[in-house]
Protein chains: 2
Amino acid sequence: MTGKRSGSAVAKAQAIAAEVRRRIVERQWRHGDRIPDEADLAIEFDAARATVNKALQMLADEGFLDRRRRAGTRVAIHHKAVFAIPVVREQVEQAGMAYSHRVVAYRQSPIPAEIAARLALPEGEVLVHMRAVHYGDGRPFQIEDRWLNPQAVPGLEKVDLGRFNANEWLVLNTPYLHADLAFSAENADRRDARLLGARHGEALLVLHRTTWNDLGPITTVRVAFHPGHFVSTEGRSG
Amino acid sequence: MTGKRSGSAVAKAQAIAAEVRRRIVERQWRHGDRIPDEADLAIEFDAARATVNKALQMLADEGFLDRRRRAGTRVAIHHKAVFAIPVVREQVEQAGMAYSHRVVAYRQSPIPAEIAARLALPEGEVLVHMRAVHYGDGRPFQIEDRWLNPQAVPGLEKVDLGRFNANEWLVLNTPYLHADLAFSAENADRRDARLLGARHGEALLVLHRTTWNDLGPITTVRVAFHPGHFVSTEGRSG
DNA sequence: CACAAAAATATGTCTAGACATATGAAGTGT
DNA sequence: ACACTTCATATGTCTAGACATATTTTTGTG
C-alpha cells in the first residue's frame, strides 16, 4: 500500500537522522567509516528509501556525512559548519605559507568564574588550559587560549597536545553538536602583542568559540588574529 | 506511470526553485504576496507536488518564502540569512533600548578605487554615499558608511533616506542573491571615535558587507560597532 | 601488464497516491 | 458580541516504484 503514515510525534526522517547522528557522536560509526547503504537502513528503520535518503541528506548538509554515488556514505572527516571551524594549518597552507605552531603553556587548572559561566560547569572545576601560537612562514598568525574538558573528549589523555595541534586534533576527532561563536575586537594587551608580533594597543579581531557534545562542553577558546586579518564568509541568499 | 525522469541537465526541483526565485527577485511576486499553492505550481511546471514541495522548502530554507499550513506560501518579508542582515532597529529594541538614528552625510559621489574593486564597477562611477549613526537610548550603537547603487535598487529615488533608515529599507525592500561578509578589527580613527563616543585608538569590531542581485551590486557598507560589542551566532552542528 | 569496455552498485531524483496536521473561515449557540 | 464547533484547505510527510548518473569493479583484449 501507499501513503501509510503513523501519527508519530516526530517525523520519521528526523528520527532516522537523530539516530544516525547519535551513532556518529557516540563513535559507533567513526570518522571515515562507510555506513550501511540506504536500502539496508531503509530495512533497519522500516522506512522507504526516499525517507532514509532525506535523513542522510540532512546530515550531509549539516556536515556529518560525505556522500558519493556508488562510493556510498561515509562519516565526514571535516566538519563543514556554517562558520566552519577552520583547521588553522589548512588556512595557513592555503595562503601559500609554511605552517608551524608552538604550545606556550599547558597545564591542569581550576576554571575561573567567567569560564565556568560560559561552560555551565561549577567554578573551580579542573580542566586543561593551554595557550598556543600558530605561525605562517614563521610569523605569528593567530594565538589561542583554550580550556579543554577531558570528560567530553574520550581519547584526549592519549594525545600529546604539546606536539599535535589541539585545534586540528579536536576538529578531526571530536564531533560537536552545538557551537557558539562570537566576534569582538580588543586592543592588544602586552602578552597578545608579544605573542602576535603586534603593537601594544593595536586592534585585534577576537573570536570566542565554545562547543558542546552529548557529554557536555568540549572546549572554549579565545582566538586572536594577527592585526589586519579578515574573517569572511559568504552569506546565503535571502 | 511512476518514475519517469527526463535526463535534464539541471534537476527539476532546482529549476523550479530558480524560476520562483527569479519571480521574487524581479518583483513579479512581492513581499507578503501569497503565491500559488503547490498543486497549481505542480500543474504549471508539469511536476509532481512532491517536487514542487521540495523546491519551495529549499526557498523557505534560504529565507525567500514563509510557509504555513492552510495559510499557504508567501514571499518572505524578513530575510533570514545565515548571518542575517540585522535590522539595526530590531537589534536595539530587542536589547530594551529606544532606537534612533541620524544621517550624517548623504550625497552622490564618484567611487574610489577600493570600492570600485569591491563592487566590480568602473572607478569613478557615481553612486549614493551616505554615513549614518544608530543609537540605543541616545548612545551610539553602530556607525555605517554605505555606498548604494541606484541601478540595482528600483524605487530608491522615491525614498527619503535622510528620514528612513537605509539598512531597514534595503532589508525590507531589496532581496539579494548573494552577500559577502568580512569581520575585522580596526583602531578607531578620530571620526569613528567622535561618532561612536569611543576613545581614539580603541579597538572596534568592523563588518564589511556587500550584496548583489541580478541587476548588479546593491550596496556595500562598513559597519563599526560600539567598543565591546559582540556579534554572535550559533554554529550548526558538525 | 596496460588499457579499454562492460557490469555492478549506491546515491540522486522524480512520480503518483495517501494520510496527517495545523489553522483560517464559516457556521452555531449563548 | 463572544466562544465553540465544524469544515475546508494548503502544507507536511511518507511509501513504493522507476529511471538517471557517477564511480568503482570486473572483465576482456592487445
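Throughout, protein chains are lettered first and strands after them, A, B, ... in sequence-line order, and every chain is numbered starting at 1.
As rounded to whole Å, 23 Å separates atom P of C:dA20 from atom CZ of B:Arg68. When the C1' atom of C:dT11 is taken as reference, atom CZ of A:Arg34 falls 10 Å away, rounded to whole Å. For the pair A:Leu65 CG and C:dT11 P, the interatomic distance rounds to 10 Å; values are reported in whole Å. Atom-to-atom, CZ of B:Arg69 to C1' of D:dT13 comes out at 8 Å; the value is rounded to the nearest Å. Between A:Ile35 atom CD1 and C:dT11 atom C1' the separation is 12 Å, expressed in whole Å. The distance from atom CD1 of B:Ile16 to atom C1' of C:dC14 is 10 Å, rounded to the nearest whole Å. Between the CE atom of B:Met58 and the P atom of C:dC14 there is a distance of 10 Å, given to the nearest Å. A straight line from CD1 of A:Ile43 to C1' of D:dT15 spans 15 Å, rounded to a whole angstrom.
Annotation: side-chain contact (heavy atoms from CB on, under 4.5 Å) contacts of A:Arg27 (sequence neighbours excluded): A:Arg30, A:Pro154, A:Thr174, A:Pro175.
Around atom CD of B:Glu114, no more than 12 heavy atoms belonging to other residues, nucleotides or ligands sit under 6.0 Å away. Heavy-atom neighbours of B:Glu44 CD from other residues, nucleotides or ligands within 6.0 Å: above the threshold of 12. For B:Gln94, the CD atom is loosely surrounded, since the number of other residues' heavy atoms within 6.0 Å does not exceed 12.
An angle of 10°, rounded to 10°, separates the two end axes of the helix from C:dC1-D:dG30 to C:dT30-D:dA1, each defined over five pairs.
Between A:Phe183 and B:Phe183, the distance separating the two ring centers is shorter than 6.0 angstrom.
Between the side chains of B:Arg118 and B:Thr210, no donor-acceptor pair is found at a separation under 3.5 Å. Between the side chains of B:Gln142 and B:His229, no donor-acceptor pair of N or O atoms lies under 3.5 Å.
No hydrogens or angles were tested; on distance alone, nothing pairs the side chain of B:Arg67 with the base of D:dA10 as donor and acceptor under 3.5 Å.
Looking at heavy-atom distances under 4.0 Å, A:Ala13 makes contact with sugar-phosphate atoms alone, never a base. A:Arg74 comes within 4.0 angstrom of no nucleic acid atom, judged by non-hydrogen atoms across all strands.
For A:Arg70, the side-chain atoms get nearest to D:dA22 when compared with the rest of D:dA22, D:dA10, C:dC14. Across D:dT11, C:dT11, D:dT9, the shortest atom-to-atom separation from the side chain of A:Thr73 is found for C:dT11. Checked against C:dT11, D:dT11, C:dG12, the side chain of A:Asp37 finds its nearest nucleotide in C:dT11.
Put simply, A:Lys12 has a side-chain N or O that comes within less than 4.0 Å of OP1 or OP2 on D:dT15. Side-chain nitrogen and oxygen atoms of A:Gln57 include at least one within less than 4.0 Å of the OP1 or OP2 phosphate oxygen of C:dT13.
Between B:Glu38 and B:Arg67 there is a salt bridge, with a side-chain nitrogen of the basic residue lying less than 4.0 Å from a carboxylate oxygen of the acidic one.
Shown for residues 44-55 of chain B: residues whose heavy atoms fall under 4.0 angstrom of DNA chain D, namely B:Arg49, B:Asn53.
The minimum heavy-atom distance linking A:Leu119 with A:Trp212 is given by the pair O-NE1, 4.3 Å. Contact between B:Leu215 and B:Gln151 at its shortest, heavy atoms only, is CD1-O, 3.8 Å.
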